[in-house]
Amino acid sequence: MKVYDFLISQKTGIISGFTITGLLIIGSLIMNYWPQYYVGLSGEDINFFFQNVKPIHIWFYLMFFAFIMYGIFIFFCTLDSIIRKVRSGTRKVALYGASIVHIGFLVTLAAHLIGGIGSESSNPITVAGTWVKADDFEIRLEDFKSTSYPNGMPKRIYATMKLRRDGQEFERVLGYNNPILLDHGAKEILLSNYGNMPESITLDIGGEEFDLRIGDTVTIDGTKVYLADIFLPPRVRLPVIRLVSEGGDEQNSQMYLPIGKQNRQNILGEDLAFINMNTSTAVVFTVKDNPSIPLTLVAIGCFGSGMLLVIFRTAYKMVRV
């Protein structure tokens, strides 16, 4: 009974709650003053701390343990409260409002744990007017509109995207703070950037022209070479493409070619010239998989319904008085 009394004690829950708060403050200060130890950490991903075990992360491991204990305390406190109400014959639903709110806390903790372990984000994906494969769907930009403030800063972005998934096509509007949600929110398409971006380039290889996109491969004198990147002003004076050949060491496998026939170079025994670049309005997005979103919706439902019951009960008591 002493262990059970310890688990349902309000003092125990309060102490664990303050402990978590203190560790969060300590962790924020550590990340602020030693950011070099947290390169690669993003969002709610907690796998970073288990893949990069270091003494400086001790605050997180203590906080992780404190969160587990906090969840155990809430579980037993909620269970004890419900058992007491049931044994006393309580039938008024409004009296269970606080317990439903506590269940919402438990679901929230579970959602954060699942999201921290299972959430993943893709690399940035650029899409214009042609279909692009992303995750388990295809997507293209159908229409693009934007509004700006008087100083020219973007105000609202309306990127109408057409998606193709499981044999069906449908449209969604993508914008800042307006992601496209799939699978009841478990998959999010998040806008990263937009603007006129290179869609393809024309490469002259020994007098023969090839239209290439980033990632496309051509064969030059028996060696496969792919278009790895395009650098644009103001980063460089002229648009420059980066070509990477298969094999060889990293330094010798990369070649840079500025736009213009006058900048023709002999590469792998062939004369190459970057003669043209086609641009179009495009958007850059990332795909985020977060399996905790459905649980988060359940938590919101518990919080909302529980608080309504608590408010109803309080208002009813005030009226009766």
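Predicted model only: the values in this text are computed from it and were never measured. Count residues from 1 along the sequence. Just the heavy atoms: all of them, side chains too, but no hydrogens, waters or symmetry mates, feed the values below.
The number of heavy-atom neighbours closer than 6.0 Å to CD of E169, taken from other residues, nucleotides and ligands shown, is above 12. At most 12 non-hydrogen atoms from other residues, nucleotides or ligands lie less than 6.0 angstrom from CZ of F105. No more than 12 heavy atoms of other residues, nucleotides or ligands lie within 6.0 Å of NZ in K224, so this atom counts as exposed by the packing criterion. Enclosure of atom CZ in F50 by more than 12 non-hydrogen atoms of other residues, nucleotides or ligands within 6.0 angstrom is indicated. Within 6.0 Å of atom CZ in F312, 12 or fewer heavy atoms from other residues, nucleotides or ligands are found, so the atom counts as exposed in its surroundings.
Residues that satisfy the salt bridge (Lys or Arg N to Asp or Glu O under 4.0 Å) test with D183, not counting sequence neighbours, are R165. Scanning for salt bridge (Lys or Arg N to Asp or Glu O under 4.0 Å) contacts around R140 gives E142, with sequence neighbours left out. Residues passing the side-chain hydrogen bond (donor to acceptor under 3.5 Å, both in side chains) test with S280, sequence neighbours excluded: E199. With sequence neighbours excluded, no residue satisfies side-chain hydrogen bond (donor to acceptor under 3.5 Å, both in side chains) with E270. Scored by the salt bridge (Lys or Arg N to Asp or Glu O under 4.0 Å) test, R264 finds D204 as partners (sequence neighbours excluded). For L163, the side-chain contact (heavy atoms from CB on, under 4.5 Å) test picks out F137, I139, M161, F170, R172, I180, L182, I189, with sequence neighbours left out.
A donor-acceptor pair under 3.5 Å is absent between the side-chain atoms of T202 and the main chain of I275, judged by distance alone. N32 places no side-chain N or O within 3.5 Å of a backbone atom of S28 that could act as its donor or acceptor partner. Put simply, the side chain of Q265 never gets that close to the backbone of P258: no donor and acceptor are under 3.5 Å apart. Between the side chain of T314 and the backbone N or O of V310, at least one donor-acceptor pair lies under 3.5 Å.
The two residues A299 and G104 make their nearest non-hydrogen contact at CB-O, 3.8 Å. Residue I117 comes nearest to N47 through the heavy atom pair O-ND2, 2.7 Å, listed as atom of the first residue, atom of the second, then distance. Closest non-hydrogen pair, Y70 versus S16, comes out as CD1-OG, 3.1 Å. Between A66 and I20, the shortest heavy-atom contact is CB-CG1, 3.6 Å. Shown here for G71 and L109, the closest heavy-atom pair between the two residues is CA-CD1, 3.7 Å.
In this structure, the side chains of M69 and T19 stay at 4.5 Å or more apart for every pair of heavy atoms. Between F18 and I14 the shortest side-chain heavy-atom distance falls below 4.5 Å. Side-chain atoms of W59 and I25, non-hydrogen and from C-beta on, never get closer than 4.5 Å to each other. Side-chain contact between M255 and L257 is absent, with no heavy-atom pair separated by less than 4.5 Å. Side-chain contact between S99 and K85 is present, with heavy atoms from C-beta onward closer than 4.5 Å.
Linking ILVMFWY residues whenever their side-chain heavy atoms come closer than 4.5 Å, directly or via other members, leaves V107 and L309 in distinct clusters. No continuous path of hydrophobic side-chain contacts links F67 to L295 [ILVMFWY only; heavy atoms under 4.5 Å]. Under a hydrophobic clustering in which Ile, Leu, Val, Met, Phe, Trp and Tyr are joined whenever their side-chain heavy atoms come within less than 4.5 Å, directly or via other members, Y158 and V283 fall into different clusters. The cluster map of Ile, Leu, Val, Met, Phe, Trp and Tyr, joined by side-chain heavy atoms under 4.5 Å apart, puts F64 and F75 in the same cluster. Under the 4.5 Å side-chain heavy-atom criterion for Ile, Leu, Val, Met, Phe, Trp and Tyr, I259 and F210 are members of the same hydrophobic cluster.
In this structure, OH in Y37 is found 9.0 Å from NE2 in H57, a value given to the nearest 0.5 Å. One finds the CD1 atom of I46 at 5.5 Å from the CG atom of L113 (value rounded to the nearest 0.5 Å). Atoms CG and CZ, from L174 and F144 in turn, are 9.5 Å apart once rounded to the nearest 0.5 Å. T286 contributes atom OG1, which lies 9.0 Å from atom CD of E188 (distance to the nearest 0.5 angstrom). Rounded to the nearest 0.5 Å, atoms CG (N193) and CD1 (I157) are 9.5 Å apart. Taken from OG1 in T12 to CD1 in I72, the straight-line distance is 12.0 Å, to the nearest 0.5 Å.
Aromatic ring centres of Y38 and F60: separated by at least 6.0 Å.
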*asked:* Determine whether T296 and N290 satisfy the following criterion, side chain to side chain contact (heavy atoms under 4.5 Å, CB included), listing intermediate values before the conclusion.
replied: CA-CA 10 Å; T296 302; N290 191 345; over 6 Å; no
*Output, in order, the C-alpha distance, side-chain angles, deciding distance and verdict of side chain to side chain contact (heavy atoms under 4.5 Å, CB included) for V101 and F303.*
CA-CA 5 Å; V101 172; F303 278 122; 3.9 Å; yes
*Mind running side-chain hydrogen bond (donor to acceptor under 3.5 Å, both in side chains) on D221 and T223 for me, showing each step along the way?*
CA-CA 6 Å; D221 194 27; T223 301; over 6 Å; no
*Show your working on side chain to side chain contact (heavy atoms under 4.5 Å, CB included) between L243 and I220 and close with a plain yes or no.*
CA-CA 11 Å; L243 302 171; I220 302 176; 5.5 Å; no
*Chi angles and distances behind the side chain to side chain contact (heavy atoms under 4.5 Å, CB included) call for F274, L212*: CA-CA 11 Å; F274 172 20; L212 303 175; over 6 Å; no
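Ring orientation note: the planes of F49 and Y61 are nearly perpendicular, at an angle over 60° on the 30°/60° scale.
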